[in-house]
Amino acid sequence: MSGPFTVGEVIRQVLAKKKYQHLDPDLVAFIANSEIKKRASLEETVKATTNKLHQVGWAYFPQQPQYAAHMQELETLPADIHAAESRAFCSRLMQEHSSTRERLPILADFYRTLFEDIRPVNSILDLACGFNPLGLDWMALEKGASYSACDIFQDMTVFLQSFFGHFAIRGKAGTCNLLRQLPQEHAQVALLLKTLPCLEQADKDSARRILSGISADWLLVSFPVHSIGGKEKGMLAHYSQQFEGLTAELGWDHQKFLFASELVYRVKRK
Ligand SMILES: C[S@@+](CC[C@H](N)C(=O)[O-])C[C@H]1O[C@@H](n2cnc3c(N)ncnc32)[C@H](O)[C@@H]1O
């Protein structure tokens with residue numbers, strides 16, 4: 001039951017909070033619209049909305065990234081992304097987002113294995129990217145490849161755009177709410193890494209819609225093997241069953257790759 005307040009007030013109050021000011025307003029509206037149906041007061045609705053936003057976004061950051069300092073440091077780096085200082089910077093920053101931090105020990109093997117028989121890779125669409133674009137040098141894409149990335153934090157995507165600019169990568173970073181709209185562009189490879197379970201926390205029926213709406217020759221969809229807290233909890237069996245059920249329904253073939261921390265499905269669409 002909704003009380004005598006509007007969803008507009010909920011959205012305004014959430015976006016006025018420092019912690020949530022950079023979030024994609026469409027995602028805030030999406031979650032506020034869902035929470036308002038279940039809460040009786042403005043205060044409760046704002047609280048439930050921020051809790052959910054924390055769960056789907058902030059939970060992956062043990063500490064708030066210092067983008068201003070990162071931008072300054074970026075400017076002191078050589079323009080060569082392969083340089084040791086550039087790689088060290090990328091590795092250090094990837095530790096700030098729990099998802100890329102967990103992938104770091106397997107990063108080189110990850111892209112070597114998954115891209116091996118797709119190469120040359122000319123275009124990437126990185127959906128709900130987190131800090132994964134900072135792993136670009138480990139991907140060994142073709143010279144001049146394009147990279148399009150999106151996530152829900154505007155300050156993150158502004159930083160990623162500067163990262164692309166500094167290293168002269170044909171890249172584009174922007175905010176998105178995949179629960180409402182998918183980027184329309186086509187790519188050779190779309191990455192949807194460890195994201196479906198996160199999206200399902202806000203909309204439990206989103207997976208099928210999102211998967212079928214992506215325009216790419218190849219889809220790489222992955223799942224974490226452990227929860228953020230480190231527990232396994234039968235997650236692997238659950239995610240495999242769910243995803244394989246979906247690909248069967250959609251009539252898609254897939255290949256399955258199991259890394260120490262991540263289960264990846266590679267789907268050929270074309
Ligand atoms: C588990 S992390 C994965 C990050 C990255 N794909 C990786 O594997 O390193 C989930 C990401 O989804 C983003 N996210 C959550 N809800 C989203 C939404 N509705 N639209 C787009 N991105 C979303 C979060 O901000 C977070 O960066």
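What you see below is based on every heavy atom in this structure, not just the backbone, and it leaves out hydrogens, waters and symmetry mates. Just follow the structure's listing: the first ligand is 1, and inside any ligand the first atom is 1.
- Residue contacts with ligand 1, taken as heavy atom pairs separated by less than 4.0 Å, do not involve Asp24 at all.
- Some N or O of Leu193 is nearer than 3.5 Å to an N or O of ligand 1, by distance alone.
- The protein heavy-atom contact nearest to atom 26 (C) of ligand 1 is Asp151 OD2, 3.6 Å.
- Of all protein heavy atoms, the one closest to atom 2 (S) of ligand 1 is His97 CE1, 3.8 Å.
- Taking a cutoff of 4.0 Å between a charged side-chain nitrogen and a carboxylate oxygen, Lys38 and Glu35 qualify as a salt bridge.
- The two residues Ser99 and Lys194 have their closest heavy-atom pair at O-NZ, 2.9 Å.
- Contact atoms of ligand 1 toward Phe153: 25 (O) (distance under 4.0 Å to a heavy atom of the residue).
- A 6.0 Å sphere centred on CD of Glu249 holds more than 12 heavy atoms belonging to other residues, nucleotides or ligands.
- When every heavy atom of Phe164 is checked against every heavy atom of Ala149, the shortest pair comes out as CZ-CB, 4.5 Å.
- For Asp253, the CG atom counts as loosely surrounded, since its 6.0 Å shell holds 12 or fewer non-hydrogen atoms of other residues, nucleotides or ligands.
- Residue-to-ligand polar distances place Ser99 within reach of ligand 1: an N/O pair is separated by less than 3.5 Å.
- Distances between N or O atoms of Ala128 and those of ligand 1 include at least one value under 3.5 Å.
- Only the side chain of Leu27 comes within 4.0 Å of ligand 1, judged by heavy-atom distances.
- Taking a cutoff of 4.0 Å between a charged side-chain nitrogen and a carboxylate oxygen, Arg180 and Asp24 do not qualify as a salt bridge.
- Residue-to-ligand polar distances keep Asn132 apart from ligand 1: every N/O pair is separated by 3.5 Å or more.
- Polar contact with ligand 1: absent for Lys194 (N/O pair, distance under 3.5 Å).
- In this model, no donor atom of one side chain and acceptor atom of the other lie less than 3.5 Å apart for Glu102 and Ser261.
- With a 6.0 Å radius and a threshold of 12 heavy atoms from other residues, nucleotides or ligands, Lys17 has its NZ atom at or below the threshold.
- Residue-level proximity to ligand 1 for Cys129 is carried by the backbone, the only part with a heavy atom below 4.0 angstrom.
- Atom 17 (C) of ligand 1 has its nearest heavy-atom neighbour, among Ile152, Thr195, Leu192, in Ile152.
- Within ligand 1, counting atoms from 1 as listed, the ones closer than 4.0 Å to a heavy atom of Leu178 are 18 (C), 19 (N), 20 (N), 21 (C).
- At a 4.0 Å heavy-atom cut-off, ligand 1 does not touch Phe30 at all.
- The nearest heavy-atom contact from the protein to atom 15 (C) of ligand 1 is Val56 O, 3.2 Å.
- Taking every heavy atom of Leu199 and a limit of under 4.0 angstrom, the matching atoms of ligand 1 come to 16 (N), 17 (C), 18 (C), 19 (N).
- Residue Glu43 qualifies as open at atom CD: its count of foreign heavy atoms under 6.0 Å is 12 or below.
- In terms of N/O distances under 3.5 Å, ligand 1 is approached by Arg103.
- Trp252 and Phe243 have their aromatic ring centers separated by at least 6.0 angstrom.
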**Message:** The test is salt bridge (charged side-chain N to carboxylate O under 4.0 Å, His left out); show your working for Arg92 and Glu73 and say whether it passes.
**Reply:** CA-CA 12 Å; Arg92 181 155 41 79; Glu73 191 180 347; 2.4 Å; yes

